[in-house]
Amino acid sequence: MALPYDPQKIEPHWQEFWETERCARVDTAEAKDLYMLMMFPYPSGDLHVGHGRNYILGDCLFRMFLMQGRRVLNPMGWDAFGLPAENAAIKRGSHPREWTVANIERMKRQFRVWGILYDWDKEIASCEPEYYRWNQWLFKRMLERGLAYRGKAPVNWCSSCHTVLANEQVVAGGCERCGTVVVQRDLEQWFLRITSYADRLLDGLDRLEHWPEKVKIMQRNWIGRSEGAEFTMEIEGRADLGGFGVFTTRPDTAFGMTFAVLSPEHPLVGAITTPERRPEVEAFVERVRRATEVERLSTEGPIEKRGVFTGSHAVNPFNGRSVPVYLADYVLMSYGTGAIMAVPGQDQRDWEFAKAQGLPIVRTVQPPEGWKGEAYEGDGPAIHSEWLDGLHQAEAIRRAIDWLEEKGIGRRKVNYRLRDWLISRQRYWGTPIPVVTCERHGTVAVPDEQLPVLLPADVQFTGAEGNPLERSVTFVAARCPTCGGPARRETDTMDTFMDSSWYFLRFVNPHVHDRMFDAERVARWLPVDLYIGGIEHAILHLLYARFITKVLHDFGLVPADEPFQVLFNQGMITARSASSGKLEKMSKSKGNVVAPDSLIARYGADTERVYTLFMGPPEKEAEWTDEGVAGAHRFLQRVWGLQDLVAEAGDRTGDAAAERELLVATHRAVKRVQDDLGRYQPNTAIAAMMTLSNAIHEHGPRSSAQRVRQTYETLLRLLHPIAPHVTEELWRTLGHGTSLLKAGWPSYDPSLLASQRVTLAVQVNGKLRTTIESDPGLDADAAAALAREAAGRWLEGKDIVKVIHVPDRLVSFVVRG
RNA sequence: GCCGGAGUGGCGGAACGGUAGACGCGGGGGACUUAAAAUCCCCUGGAGUGCAAACUCCGUGAGGGUUCAAGUCCCUCCUCCGGCACCA
């Protein structure tokens, strides 16, 4: 009898072994084979079993690739800048770096205990100057090309704390800390011009065949391209103002315009408000200004169309009619021109506003017979539209735009929902924006040779208002690179999404110190072949990374135009919350966290790995249960116990039928495991291994020693990516001197699977009546004859007899009875 | 509201358009044990017929359709989950 299965004893040994053998190391100077990557984590500290899911999945695939003899780049690093570190520093009176570094160590240890292999030679942390200096370098190149610029943007402002708040710090419209109502305030901020890449970001999605459709749709919606027309409307009696532009996707409905609406922030508001309307307009503008964006766009409560008349009128250029100009909070300054033509007959929002304000409604599209709705937004022949009457939507839009262009008052126009990327953060723990402001020369970029602009050390994290950087005298006081005179250093730092937008390029060869990345190797190793991470990054991170890749592509630094070939999003792990009893994402506050340490102490890391991968399809949410863990452990116990069967076999010769069963079971398992892991379905791959394990258990005792041993060894190879420690240990017990990682991946013989005895399933009129065992070589006619004969007792005349080969489902055909 | 995705046993979940429910959990029965745990064996979608070997019918959210054949494809609807949310 073998020793009992004791993960505590074997796991640390193998972790040590893989590390000293440097099993994950790859030399990227060599030709590319495969580049796989997990989204690098924010080092927040302790990891729970839910976090393990994508790392374990990635490691499983990585180990399979290694066994298949592939050369795989599989690096890991740390998305190490960010607000939580700063908050922790305030709480402990320490520096964000201390907390971050300690967390990185904790997480590295966790990866090791999970048995996860990375090429640690390539580790990077975005908070290190040698990394973030290249954020600064890139920022400068973008600045030179007009891709970075300074502009005003509203921020959440707490007037009592005198500080900018991130959206997450605004709770129910108030400041997280003091509860004061948060207002919008314009600040000078830095932007990256992602909007000029909108079309390319959109078009690129069509070529990402191996991205989840869901993510692509989310990105498309986020970019929000819409085609239409922009034209100018004159203010009646105020030709001096030059009018205002409006954007519409439905120029065909312009004859139905009965009013126009400006956003309350529109620059013309002051000029067009008539004196008698002024008090009401100003009160309205002030009310909107006070509301945060969140509140303004909120649909909580009744959707009330709030607005106010300015006292002015504008001219509808299509029919020369005068229409009143309103302000309304449903028109956003940040989209289009910040002004709209309102056509209540064809736009539900305009309809509601018109009803609320008592404005007229003119239909310009004939609604279908029996239309009972309000605004009709569908297609139909144009009516009340002079020269557009009778035309349908597409043609009417074309004519309307042609007309605008002929008259020189408007043009075809594409708008995007996407806004430029605001990268300024009024925080310490991020990449300093490499710019100074000189009284004489204005905003001047820090010269390349002075990079990196380092984060200063003389900073106290007290939680006092504002950005800690502003209080660092050594940091703020700078010299103007142009004149050498005194200058003020920019204290904004960069959004941490900047860090994660190009780290995959740095990984290829993180040890170059004079360049952002090793362009020659990047040319060979990019794009990333497989990128694994959470769906929560479907939009921002993945869009920014695509954007920066395209920018670098345009700079001539990266041949690839898209960074990630295949994207895989793993689902969350949930557990019953101790307090609410509901299924929730694991979190301390919910009291439903399963800590890997205690789990591993009891069952071992291999059990956690098996269970995590067996729970269900990895892209779906899955519920953690203790019974499931126990089942996974039982499976490993059984695999462990099978070694006795091999030992007891001695040199026995076996029973032919049992031999055959084992042989076929082995090949079938290899095929299934390989196919299933290849399509990221470790759950069914494990099921196939369990089946093989059960087959050894059942047929092993009657098979030859050699067959049992071969089957068992195949099982260990297949299982290695899932449960690496226990399989290594068993492999060694069988007398092998090398690691399973070097043992190679088993292959299977397709002809063996195909040449199995065939079961013919016979259906009569759609009902399965009987099955016949037959030889594999049977031709169709013979099979038909057999089937007709077998179906005899169910035949009643003109019946349809159907024959299906099972279980391999190679052929099916129909025989007329 | 718009756009996606999903509804299969007691549960997690399997099923190139081809024997629905693989594999596991849970449950029931049995063996071993003084006993329990562990382990092993058998059963486990529902309803029915049969002494039995077996057999029949129903069954993948609801209703239609295509097909020799539908969990899978098409149409309508219901429910749940996710994303966006006044984007003109």
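Throughout, protein chains are lettered first and strands after them, A, B, ... in sequence-line order, and every chain is numbered starting at 1.
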Given atom NZ of A/K413 and atom P of B/A88, what is their separation to the nearest angstrom?
13 Å

Between atom CG in A/N683 and atom P in B/C25, what is the gap in whole Å?
15 Å

Less than 4.0 angstrom between a side-chain N/O of A/Q681 and OP1 or OP2 of B/A22, yes or no?
no

In this structure, how many angstroms lie between the C1' atom of B/G5 and the CD atom of A/E621, rounded?
13 Å

Just by distance, no angles: are the side chains of A/N415 and A/S226 close enough, under 3.5 Å, to form a donor-acceptor pair?
no

Pair assignment for B/C84, Watson-Crick or G-U wobble, requiring both distances under 3.5 Å
B/G1

Between OH of A/Y376 and P of B/G1 the distance, given in whole Å, is 19 Å

How close or far is atom P of B/A88 from atom CG of A/D329, stated in whole angstroms?
17 Å

To the nearest angstrom, the CD-P distance between A/E627 and B/G10 comes to 18 Å

Would you say A/R417 reaches B/A85's phosphate, i.e. side-chain N/O to OP1/OP2 under 4.0 Å?
yes

Counting side-chain heavy atoms from C-beta on, which of B/G12, B/A15, B/A88 comes nearest to A/T248?
B/A88

What is the distance, rounded to the nearest whole Å, between atom NZ of A/K620 and atom P of B/G82?
14 Å

B/U67 pairs with, by Watson-Crick or G-U criteria that keep both distances under 3.5 Å:
none

Determine which nucleotide pairs with B/U60, using a 3.5 Å limit on both distances of a Watson-Crick or G-U wobble pair.
none

Examine B/A15: is either OP1 or OP2 under 4.0 Å from a nitrogen or oxygen in the side chain of A/R672? Give yes or no.
no

For the P atoms, the ones on B/A22 and on B/G46, what distance do you get once it is rounded to whole angstrom?
13 Å

For B/A54, give its Watson-Crick or G-U wobble partner with both distances under 3.5 Å, or none.
B/U49

Can you check the A/M689 CE to B/G24 C1' distance for me, whole Å?
14 Å

For the residue pair A/I696 and A/P701, what are the closest heavy atoms and their distance?
O-CD, 3.7 Å

Taking atom types as modelled, find out whether A/Q570 and A/E619 have a side-chain donor-acceptor pair closer than 3.5 angstrom.
no

